[in-house]
There are 2 protein chains.
Amino acid sequence: MMATIREVAARARVSVGTVSNVLSGAVPVSKRLRERVLAVVQELDYQPNQLAQSLKSRQTKMIGMVIRDITHPLFAPMMRGAQDAAWLQNYLLVMLDSDRQLEREQQILAALRTRRVDGILLAATGIEQAHVRAICEAGIPVVCLERELPGLGIDCVIADHFEGARKCVAHLAACGNRSIAFLHGDTSDWIERERFGGYRQGLEDAGVEFDQSLQAGDHSGSDEGYRAAAALLDRRPRPAAILAADATVAAGLLRAVRDRGLRCPHDITIAAFDDPFSCDVLRPRITAVSQPSYHMGSKAMEILLKRIQDPDRRRSTVTLETELHVRESSACSAAGSGAA
Amino acid sequence: MMATIREVAARARVSVGTVSNVLSGAVPVSKRLRERVLAVVQELDYQPNQLAQSLKSRQTKMIGMVIRDITHPLFAPMMRGAQDAAWLQNYLLVMLDSDRQLEREQQILAALRTRRVDGILLAATGIEQAHVRAICEAGIPVVCLERELPGLGIDCVIADHFEGARKCVAHLAACGNRSIAFLHGDTSDWIERERFGGYRQGLEDAGVEFDQSLQAGDHSGSDEGYRAAAALLDRRPRPAAILAADATVAAGLLRAVRDRGLRCPHDITIAAFDDPFSCDVLRPRITAVSQPSYHMGSKAMEILLKRIQDPDRRRSTVTLETELHVRESSACSAAGSGAA
DNA sequence: CTGAAAGCGCTTACAG
DNA sequence: CTGAAAGCGCTTACAG
């Protein structure tokens, strides 16, 4: 169906080597032959078979990106960033969705390996598992997104959750909120712990004493968040502000606020991580600390491509700043009612 | 770095053919040799090079899916559906995002072609362009999602927008709404015209005369929707219900409703296409006619794989039913206040 | 400048 | 059952 280099060569009455030389440009070819070859290429709509090229050159110019959950809004910009950075250097980014299933993730990694992708970007789940180790040991460069990986000696790109939380608390405090509660998500997660650490730092910076009774929750999930938020909201005196540690508990928080007929920010100030409600039509819009997803994706790709160039490069972890989006849910005169 | 079949053969003291036979299972191999081979395979963590396999077998077991805008919520379930259907038949689905840029789409298609994917799923933009034709002529099976393609003779999977609109209007009418307005999106788009057609059919079914003054708008976009919706809302008497033709004008509609302090569904009933605000925390939740994205993806993949098996198969267009999600924005006693 | 040949890592008839 | 050989579609020294 598709023309091969041999057919092109035959039709142009040259050797296949010459066709290859014309196309690659690596070796000079006389104008006469070059034009004859190009004419035939055009005529046959010849496209070199990259499989064969890759077999020789030992590179596929293809990067795989494994996404834990393609429906999660965090990842769309990340994929964009990675893809844009890949194009700049003539790599094709292929995206795979593991749907939070470890087994699928494993199959995907195996499939990428057997197809000899030049590198892999991991925004996945089971990143500490043996199958990732196998990939690394097979010599395929890997860059991990979102969290650091212990032991595998691979590059990572993460967001500065600690500092993000600190900045957010500073903002809340600057608005005059003294009793600032923390609505926990999954407390066993590194990211959550960083955020909590930054929260405490923020309190300290603001000269507010940490109050154990202003903490609630220890699991992710909208219902979990709802229950924990209810406990905080029903406390007397009610906290002035609540910082939700992840998007799922923030959703629960919002429901709890509404169920009580509380108005935000009038009765309660709210902020959350991960910009949970990208939904523009929601009112009030929620103040959020978001990860720089696009930048994380592009940065990770840049690092990956550098490592492909130079496998002995020093391993690095890049920490990128989060962004604080001040919106109506924490509006106050001190900070401006900044609707972005 | 990665072991080759030759190294395995040498180490197991057999021929490469024998290794291949053991691994493929196509030809019986004595137990003794098989075990020796498998032991070495294990020891070296040998993974066959799919590039070489594909070169021989002329199939890559890889399907490419081109997505117009990976950030658009419509596509996530579609990708999931396609991926699940692909795995079932041992194909790897790779997803590519064209970011609504025709040039990028073109590059992606070229990249997929040169990598000899076995088939392509298209949820793209410039599908009438020459570069798609080139793909088809190169003999790569293509299935198109969302809308039919003229002339190329390829399979398509689309949603029944006409019937979706008709059902929705039937619901609105059953709730007692007589004056049902239509907020147009991009009137040059086939999908929009289908929806409008279904709307008119629905009115007719309900015995309501079509009223030209209950139409507004002719472009997509939140601001465009806002303006057109404002015109409808400021009309006296105000329409009882408004059906928004796409997600962007629906967003504008919502803003216009709020700006006027109108309460929904008390003052006005609202419904929209494409389930625009997946955002669970939005109140009221909006009644919506959604495309069966997951099913569209899986169906398209099934058709594609069938065509790969049998290139001479009869061309088909599959039309799938939309889903009507009745929610608070159109709550009424007649239809139940059905929060799904 | 141009062509013949070897080789990338596999699979698959074909002998033995 | 097993191995030697040809071939998938390319690229790249190496002669000429």
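Taking atom CD on A:Q59 and atom P on D:dT11, their separation rounds to 12 Å, with Å as the unit. Atom pair B:E35:CD and D:dT2:P shows a separation of 12 Å (rounding to whole Å applied). Straight-line distance from the NZ atom of A:K56 to the C1' atom of D:dT11: 5 Å, rounded to whole Å. When the C1' atom of C:dC10 is taken as reference, atom CG of B:N21 falls 12 Å away, rounded to whole Å. Rounding to whole angstrom units, NZ of residue B:K31 and P of D:dT2 are separated by 14 Å. If you take CG of B:N49 and P of D:dC10, they are 16 Å apart, rounded to a whole angstrom. Taking atom CZ on B:R36 and atom P on D:dC1, their separation rounds to 16 Å, with Å as the unit. In this structure, A:R13 atom CZ and C:dT2 atom P are separated by 13 Å, rounded to whole Å.
Nearest to the side-chain atoms of B:T18 among the listed nucleotides D:dG3, C:dT2, D:dC10 stands D:dG3. Side-chain proximity of A:Q53 to the nucleotides C:dT11, D:dT11, D:dT12 is greatest for D:dT11. The side chain of A:S30 has C:dC1 as its nearest neighbour among C:dC1, D:dT2, D:dC10.
Each of B:A52 and B:V29 lies near DNA chain D, and the nucleotide nearest B:V29 is the one positioned closer to the 5' end. Projected onto DNA chain D by closest heavy-atom contact, B:V14 and B:L55 fall at different nucleotides, the more 5' of which corresponds to B:V14.
With hydrogens and angles disregarded, a donor-acceptor distance shorter than 3.5 Å links the side chain of A:S54 to the backbone of A:Q59. Judged by distance alone, the side chain of B:Q106 and the main-chain N or O of B:H131 form no donor-acceptor pair under 3.5 Å. Side-chain N or O atoms of B:T114 include none that pairs as donor or acceptor with a backbone N or O of A:N49 at under 3.5 Å. Between the A:R36 side chain and the A:A12 main chain, a donor and an acceptor come within less than 3.5 Å of each other. In this structure, A:R80 contributes its side chain and A:Y294 its backbone to no donor-acceptor pair below 3.5 Å.
Base pairing annotation: C:dC14 forms a Watson-Crick or G-U wobble pair with D:dG3, both donor-acceptor distances under 3.5 Å.
Applying the 4.0 Å criterion to OP1 and OP2 of C:dC8, one finds that B:R6 has a side-chain N or O inside that range. Taking 4.0 angstrom as the limit, B:S15 places a side-chain polar atom (N or O) nearer than this to OP1 or OP2 of D:dG3. Within the 4.0 Å cut-off from OP1 or OP2 of C:dG9, at least one side-chain nitrogen or oxygen of A:R58 is found.
Within the 4.0 angstrom heavy-atom criterion, base atoms lie near B:S20. Counting any heavy atom pair closer than 4.0 Å across all strands shown, A:L51 reaches no nucleic acid atom.
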